[in-house]
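The next block holds one structure in the form of structure tokens; read it before the comments.
In this text, all values refer to a predicted model and were calculated from it rather than measured experimentally.
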Amino acid sequence: GDSHTLSVTATGGVGTLGYQWESSADGVGGWTAIAGATSPTRTMNPLALTDDKYYRCRIGDGARPPQPYVYSDVVQLQVRAVLNITGQPAGANTIAGASHTFTVTVTGGYTPLNYQWKRGATNVGTNSNTLALSGLAYADQGSYTCVITDARGATVTTAARTLTVLEIQTQPVGGDKLPGQSHTFSVTVRAGSGTGGYTYQWKKDGANIAQTGASFTLSSLVLGDAGSYVCEVRDSSGALLPSAAAVLNITANPINFTAQPAGGSKYVTQSHSFSVTCTGGTGTLTYKWQKDGVDIPGATSNIYTNGSL
């Protein structure tokens with residue numbers, strides 16, 4: 001679509017000088033006279049891809065032939081299609097931990113092409129026509145574009161594409177409880193993540209339960225309340241993000257101390273025994289004695305004796 005003019009200036013010779021422009025595919029051989037190109041200048045307007053060739057001008061005067069012609073230097077004219085985006089990147093509404101790839105397809109321009117991806121005004125990614133994002137988080141949410149620049153400085157920019165990432169900020173927590181106690185499960189979605197309009201569906205051991213809020217409380221716990229609880233969070237786009245599993249354990253026969261260990265006042269080289277008596281629990285009870293919060297090697301029964309203080 002641009003234009004270009006080839007020109008040559010010659011002096012000397014006999015009589016009137018004659019000009020003939022020639023073209024070649026490789027600049028070495030196969031030179032062909034260009035019809036009608038018989039002046040010192042040759043203008044191509046508009047340029048076409050077929051004009052991408054090597055050019056020279058053959059010059060003669062009134063005495064030639066039979067004397068040899070003279071030729072100008074060979075010049076190369078590069079003609080490329082205008083830089084053009086033929087495939088725009090696609091955005092997505094997705095969840096934390098997922099992956100997404102932006103891709104742009106470009107034709108034309110002078111190589112090499114340079115690609116600069118941006119999230120908002122921040123440069124991201126590498127010099128590639130693809131931007132692969134994995135382990136997505138809310139920090140990746142935003143509007144993405146790619147600026148493509150060819151070797152001559154021409155640029156084109158993709159349409160902006162939005163990536164939303166639904167993320168849970170606070171996960172539900174399980175616990176160890178006794179019958180009759182209560183326990184609250186709650187989940188907090190990171191504000192602004194995803195597309196808003198959050199809905200909640202709690203599950204126990206993989207099955208839906210009648211709890212559809214961000215939190216709920218189980219009062220007067222019974223053994224049947226024990227299990228693994230998950231909340232499925234969905235935004236208005238339909239992106240679905242399950243929370244981490246929160247395990248609730250309910251002990252029917254809790255361990256109780258019926259006799260606590262006792263300290264004492266002793267002299268050096270004397271011995272002292274600590275003992276504890278427990279009831280309840282399930283199966284065989286295990287013991288581990290500690291001193292100042294550190295496990296004592298081998299002290300794994302209900303009685304611990306220090307034989308020489």
Problem set entry | Aromatic plane relationship, Phe185 with Trp202 - under 30° parallel, 30 to 60° tilted, over 60° perpendicular | tilted
Exercise. Just wondering, do Met44 and Tyr55 contact through their side chains at under 4.5 Å, heavy atoms?
Worked result: yes
Exercise. Would you say Asp150's side chain and Thr111's backbone share a donor-acceptor pair under 3.5 angstrom?
Worked result: no
For this session: Give a yes or no on whether the backbone of Ser301 and the side-chain of Trp289 come within a donor-acceptor separation of less than 3.5 Å.
Result: yes
Exercise. Considering residues, nucleotides and ligands other than Asn249, do more than 12 of their heavy atoms fall under 6.0 Å from its CG?
Worked result: yes
Problem set entry | Side chain Asp235, main chain Gly196, donor-acceptor under 3.5 Å | no
Problem set entry | Residue pair Val28 / Asp26: nearest heavy atoms and the distance that separates them | N-OD1, 2.9 Å
For this session: Please answer whether the main-chain N or O of Thr188 pairs with a side-chain N or O of Thr170 as donor and acceptor at a distance below 3.5 Å.
Result: no
Exercise. Judged by atom type as modelled, is there a donor-acceptor pair below 3.5 Å linking the side chain of Gln20 to the main-chain atoms of Ile34?
Worked result: yes
Problem set entry | Tyr115/Leu131 under side-chain contact (heavy atoms from CB on, under 4.5 Å): CA gap, chis, key distance, verdict | CA-CA 10 Å; Tyr115 299 85; Leu131 174 63; over 6 Å; no
Exercise. Would a hydrophobic clustering, with Ile, Leu, Val, Met, Phe, Trp and Tyr connected at side-chain separations under 4.5 Å, put Leu6 with Ile59?
Worked result: yes
For this session: Starting at OH of Tyr138, measure out to CZ of Arg190 and round the result to the nearest 0.5 Å.
Result: 8.0 Å
For this session: Please test Ser236 against Thr195 for side chain to side chain donor-acceptor pair (under 3.5 Å), starting from the C-alpha separation and ending with a verdict.
Result: CA-CA 6 Å; Ser236 61; Thr195 58; 2.8 Å; yes
Exercise. Does Ala48 offer a backbone N or O that forms a donor-acceptor pair with the side chain of Asp51 under 3.5 Å?
Worked result: yes
For this session: Answer yes or no: does atom CG of Asp73 have more than 12 heavy-atom neighbours from other residues, nucleotides or ligands under 6.0 Å?
Result: no
Seminar exercise, completed: The single option from Thr158, Asn123, Thr157 that satisfies side chain to side chain donor-acceptor pair (under 3.5 Å) with Lys118 is Asn123
For this session: Starting from the C-alpha separation in whole Å, work towards a yes-or-no answer on salt bridge (charged side-chain N to carboxylate O under 4.0 Å, His left out) for Lys204 and Asp225.
Result: CA-CA 9 Å; Lys204 175 178 178 287; Asp225 292 322; over 6 Å; no
For this session: Output the distance between atom OG (Ser271) and atom CG (Asn306), rounded to the nearest 0.5 Å.
Result: 8.0 Å
Exercise. Roughly how far apart are Ile296 CD1 and Lys288 NZ, rounded to 0.5 Å?
Worked result: 9.5 Å
For this session: Might you work through the side-chain contact (heavy atoms from CB on, under 4.5 Å) test for Leu163 and Thr94, ending with a clear yes or no?
Result: CA-CA 8 Å; Leu163 177 67; Thr94 186; 3.9 Å; yes
Problem set entry | Co-membership, hydrophobic cluster, residues Ile168 and Leu166, 4.5 Å side-chain | yes
Exercise. Is there a donor-acceptor contact under 3.5 Å from the side chain of Ser72 to the main chain of Cys57?
Worked result: yes
For this session: Could you go through the side chain to side chain donor-acceptor pair (under 3.5 Å) check for Ser128 and Thr126 one step at a time?
Result: CA-CA 6 Å; Ser128 172; Thr126 60; 5.1 Å; no
Problem set entry | N/O donor-acceptor pair under 3.5 Å between Lys53 side chain and Leu77 backbone | no
Exercise. Can you check side chain to side chain donor-acceptor pair (under 3.5 Å) on Thr184 and Thr217, steps first, answer last?
Worked result: CA-CA 4 Å; Thr184 297; Thr217 299; 2.6 Å; yes
For this session: State whether the side chain of Gln201 and the backbone N or O of Ile209 hold a donor-acceptor pair below 3.5 Å, judged by distance alone.
Result: yes
For this session: Hey, could you give me the CZ/CG distance between Phe274 and Asn302, rounded to the nearest 0.5 Å?
Result: 14.0 Å
Exercise. Could you state the interatomic distance from CG (Asp61) to OG1 (Thr16), rounded to the nearest 0.5 Å?
Worked result: 9.5 Å
For this session: Specify the closest pair of heavy atoms between Glu22 and Tyr71, including all atoms of both residues, with the distance to one decimal.
Result: OE1-CE2, 3.7 Å
For this session: Decide yes or no on side-chain contact (heavy atoms from CB on, under 4.5 Å) for Thr103 and Asn129, but give the supporting numbers first.
Result: CA-CA 6 Å; Thr103 302; Asn129 73 313; 4.1 Å; yes
Problem set entry | Verdict with supporting geometry, Trp117 and Leu133, side-chain contact (heavy atoms from CB on, under 4.5 Å) | CA-CA 12 Å; Trp117 292 92; Leu133 303 173; over 6 Å; no
Exercise. What's the shortest heavy-atom distance between Ala159 and Pro89, and which atoms?
Worked result: O-CG, 4.4 Å
Exercise. Judged by atom type as modelled, is there a donor-acceptor pair below 3.5 Å linking the side chain of His4 to the main-chain atoms of Gln78?
Worked result: no
Exercise. How long is the span from the OG atom in Ser228 to the NZ atom in Lys203, to the nearest 0.5 Å?
Worked result: 12.0 Å
Problem set entry | Stepwise side chain to side chain donor-acceptor pair (under 3.5 Å) test for Thr149 and Asn114 | CA-CA 5 Å; Thr149 306; Asn114 180 80; 4.9 Å; no
